[in-house]
Amino acid sequence: MHLVRYLLPGQRPQAGVRTDDTVAPVQGIATMAELLRLSADELRSATDHRADGVPVADVTLLPPLDGRGEVWCAGVTYERSRGARMEESTEQSVYDRVYSAERPELFPKSPAWRLVTDGEQIGIRADSGHDVPEPELAVVANSHGEIVGFTICNDVSSRSIEGENPLYIPQAKVFAGGCALATGIRPAWEVVDPKNLTIDLAIRRDGADVFTGTTSTKQLVRELADLIGVLFAGNEFPDGVILATGTGIVPELDFALRAGDEVAISISEVGTLTNTVAVGREPFAFLAAQTLEETR
């Protein structure tokens with residue numbers, strides 16, 4: 001079962017539940033924001049009350065966040081991530097210290113309206129030249145700070161910009177097409193052990209694999225509840241929040257994404273996310289127009 005946002009022709013986006021090849025609306029709940037305002041117990045109860053479903057082939061699946069929802073990221077939470085950041089950076093000690101510090105590195109990645117999802121393009125900056133995907137387990141928290149689900153985030157990043165100066169992280173991380181989420185949120189009550197999930201990444205170019213990698217959330221040095229606790233310590237998230245928990249797969253320094261590359265991520269028990277790469281901001285101008293249309 002996955003919580004989803006979907007669109008039927010001629011209708012407004014709707015929060016629903018996908019089971020196998022069927023999508024059904026949640027009764028009395030129109031948006032994901034409404035769903036994520038509920039307590040964990042209320043949310044679970046609400047998803048048990050569904051109207052008749054339609055075939056998933058008849059709908060368009062959307063990014064699973066709306067309203068005032070936000071995506072945040074945690075950085076340097078895997079040993080491989082610490083090593084990669086130190087390799088690329090002119091300020092290596094910054095990443096070494098944050099890996100073992102009591103306070104984690106957390107930063108905003110994307111508001112709901114800028115997100116792309118499975119089957120859509122992801123973006124790399126035209127002024128970067130060295131960009132990589134970052135496959136991450138993403139924790140979904142409701143407005144009460146309770147973990148209610150998990151999804152996949154591709155935290156696309158510019159290694160060249162971040163490596164030049166750690167203070168450039170917002171530019172290295174926040175740009176058009178730079179944040180993709182899988183279409184579905186796997187409810188937390190269906191994932192037995194989120195610290196024991198396999199994450200796979202494959203990058204294909206001209207039909208051939210040019211990079212593959214595998215890691216496990218066992219290697220995550222932070223506890224998921226602790227990350228959410230720090231995030232909520234200083235912020236309100238009235239329509240919920242998704243926190244990507246960092247990456248344990250980073251290509252070597254001689255690899256960079258190119259236009260047309262296909263990036264495929266899978267996380268056991270959670271789902272899959274596949275996107276192709278586009279360059280610059282122009283391919284993502286539709287996101288702003290789409291948001292305006294949805295609010296009318």
Side-chain angles (χ1 to χ4, degrees), residues 2-16 18 23 25 30-34 36 54 56-73 108-129 131-136 138 140 151-158 161 170-185 203-204 239-242 244 257-265 271-296:
H2 287 84
L3 311 180
V4 297
R5 287 177 66 236
Y6 66 96
L7 186 65
L8 281 165
Q11 298 187 20
R12 298 179 69 84
Q14 170 71 47
R18 177 179 180 176
V23 178
T31 66
M32 192 64 71
E34 292 176 55
L36 293 178
V54 298
V56 69
D58 293 346
V59 308
T60 300
L61 294 173
L62 305 171
L65 201 62
D66 56 20
R68 295 167 293 177
E70 303 174 35
V71 176
W72 282 59
C73 290
K109 177 71 177 180
S110 178
W113 70 267
R114 277 197 178 133
L115 297 170
V116 294
T117 193
D118 186 66
E120 297 182 329
Q121 292 180 315
I122 51 173
I124 56 177
R125 293 186 64 123
D127 59 352
S128 170
D131 306 85
V132 293
E134 295 191 5
E136 307 186 17
V140 183
T151 189
I152 301 172
C153 179
N154 187 348
D155 169 24
V156 188
S157 303
S158 168
I161 293 175
Q171 296 174 74
K173 293 285 189 176
V174 183
F175 49 86
C179 188
L181 294 180
T183 56
I185 295 171
I203 304 172
R204 303 183 184 99
D239 292 345
V241 65
I242 294 179
L257 288 172
R258 298 180 188 174
D261 285 354
E262 180 185 85
V263 180
I265 302 168
T272 61
L273 173 63
T274 303
N275 307 93
T276 55
V277 176
V279 180
R281 55 185 281 195
E282 290 79 9
F284 305 97
F286 76 94
L287 293 171
Q290 177 178 277
T291 302
L292 181 62
E293 182 64 27
E294 290 178 2
T295 57
R296 286 177 177 169

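Keep in mind that what you see is a predicted model, and the values were worked out from it rather than measured. For the numbers below, each heavy atom of this structure counts, side chains included, while hydrogens, waters and symmetry mates do not.
When each of T60, L62, V59 is paired with Y6, the side-chain contact (heavy atoms from CB on, under 4.5 Å) condition holds for V59 and for no other.
Between I124 atom CD1 and L257 atom CG the span is 6.0 Å, to the nearest 0.5 Å. In this structure, CD1 on I161 lies 11.5 Å from NZ on K173, to the nearest 0.5 angstrom. With rounding to the nearest 0.5 angstrom, the CG atom of D131 is 9.5 Å from the CD1 atom of I122. In this structure, the separation between CZ on R114 and CZ on F284 is 12.0 Å, given to the nearest 0.5 Å. Separating the SG atom in C73 from the CD atom in E134 is a distance of 8.0 Å, to the nearest 0.5 Å. The structure places CZ of R12 at 10.5 Å from CZ of R5, a figure rounded to the nearest 0.5 Å.
Taking 4.5 Å as the limit, every side-chain heavy atom of V241 sits out of range of all side-chain heavy atoms of V71. Side-chain contact check for T31 versus D66: some heavy-atom pair is nearer than 4.5 Å. Side-chain contact check for V4 versus I185: every heavy-atom pair is 4.5 Å or farther apart. With a 4.5 Å cut-off on side-chain heavy atoms, W72 and K109 do not count as touching. Between V277 and V263 the shortest side-chain heavy-atom distance falls below 4.5 Å. At least one side-chain heavy atom of F175 sits less than 4.5 Å from a side-chain heavy atom of V156. The side-chain heavy atoms of L115 and W113, taken from C-beta on, include no pair separated by under 4.5 Å. Proximity of V56 to R18: side-chain heavy atoms (C-beta onward) are separated by under 4.5 Å at one or more points.
Nearest approach of A33 to G67, heavy atoms of both residues: CB-CA, 4.4 Å. Scanning all heavy atoms of the two residues, the minimum distance from I152 to G271 falls at CD1-O, 3.1 Å. What you find for T117 and L273 is that their closest heavy atoms are C-CD1, 4.1 Å. Considering all non-hydrogen atoms of both residues, M32 and P64 come closest at CG-O, 3.5 Å. Minimum interatomic distance between A259 and V279 (heavy atoms only, all atoms of both residues): CB-CG2, 3.8 Å.
At distances below 3.5 Å, not a single donor-acceptor pair connects side-chain atoms of N275 with backbone N or O atoms of Q121. T151 places a side-chain N or O within 3.5 Å of a backbone atom of G184 that can act as its donor or acceptor partner.
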- Begin with the C-alpha distance, continue with both residues' side-chain angles, and end with the deciding distance and a verdict on side chain to side chain contact (heavy atoms under 4.5 Å, CB included) for I242 and L181. CA-CA 10 Å; I242 294 179; L181 294 180; 3.6 Å; yes
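The salt bridge (Lys or Arg N to Asp or Glu O under 4.0 Å) search around R125 returns D127, not counting sequence neighbours.
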